Amino acid sequence: MLALAFFVSASVQETAAQGDKAKAGGAGELYTKHCAKCHGADGKGIKSLQPPDLTDAKWQASHTDKQITAALNTGKGVMPGYKSTLTPAQIAGLVKHVRGFGPKKK
């Protein structure tokens, strides 16, 4: 009986984690779907469109997570906002993904 309870508990936890991941949409997948067409798969940006280079250390240092979140929610310049398209968890995931383009800390 104890083994069955453990199995059910583990299954419920795994299903909940999968549901959370699905809700977050996978930040990499979301970035590819919504951002890469202008910011490039590598975060350096499509030069002719002039988006910021997300890999630039100065850009990363001069933008807070709150500022990036606001830009993702409401848009900035020609970039559309995603507040009505993405959940807060997905936006937070994208912020982390954008931070991943920055220089690696040693």
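Heavy atoms only: backbone and side chains are in, while hydrogens, waters and symmetry mates are out. Being a predicted model, the structure only gives us computed values, none of them experimental.
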Open item on the list: Whether the side chain of Gln60 engages the backbone of Val98 through a donor-acceptor N/O pair (distance < 3.5 Å, no angle test) should be reported.
Closed with: yes
Open item on the list: Nearest 0.5 angstrom please: Lys58 NZ to Asp53 CG, how far?
Closed with: 12.0 Å
Open item on the list: With rounding to the nearest 0.5 angstrom, report the OG1 to CG distance, Thr85 to Leu72.
Closed with: 11.5 Å
Task: Interatomic spacing from NE2 in His97 to CG in Leu30 - rounded to 0.5 Å - done: 9.5 Å
Open item on the list: Minimum heavy-atom separation for Pro51 and Cys38, please, with both atom names.
Closed with: CG-O, 3.1 Å
Task: Lys37 to Lys33 - nearest heavy-atom pair and separation - done: NZ-O, 3.9 Å
- [ ] Mind checking the CG-NE2 spacing from Leu86 to His34? Nearest 0.5 Å is all I need.
- [x] 4.5 Å
Task: Gln50, CD atom: more than 12 neighbouring heavy atoms under 6.0 Å - done: no
- [ ] Verify, without hydrogens or angle tests, whether Gln90 (side chain) and Ala27 (backbone) share a donor-acceptor contact under 3.5 angstrom.
- [x] no
Task: Members besides Val78 in its Ile/Leu/Val/Met/Phe/Trp/Tyr cluster (side-chain heavy atoms under 4.5 Å) - done: none
- [ ] Would you please classify the geometry between the Trp59 ring and the His63 ring as parallel, tilted or perpendicular, with 30° and 60° separating the classes?
- [x] parallel
Open item on the list: Working to the nearest 0.5 angstrom, can you tell me the gap between Asp56 CG and Phe101 CZ?
Closed with: 13.5 Å
- [ ] Give, for atom CG of Asn73 and atom CD1 of Ile91, the distance between the pair rounded to the nearest 0.5 Å.
- [x] 4.5 Å
Task: Side chain Lys104, main chain Gly100, donor-acceptor under 3.5 Å - done: yes
Open item on the list: To check you understand the geometry: which heavy-atom pair defines the closest contact between Gln67 and Ser62, and what is its length?
Closed with: OE1-O, 3.5 Å
Task: Tyr31 to Leu54 - nearest heavy-atom pair and separation - done: OH-CD1, 4.0 Å
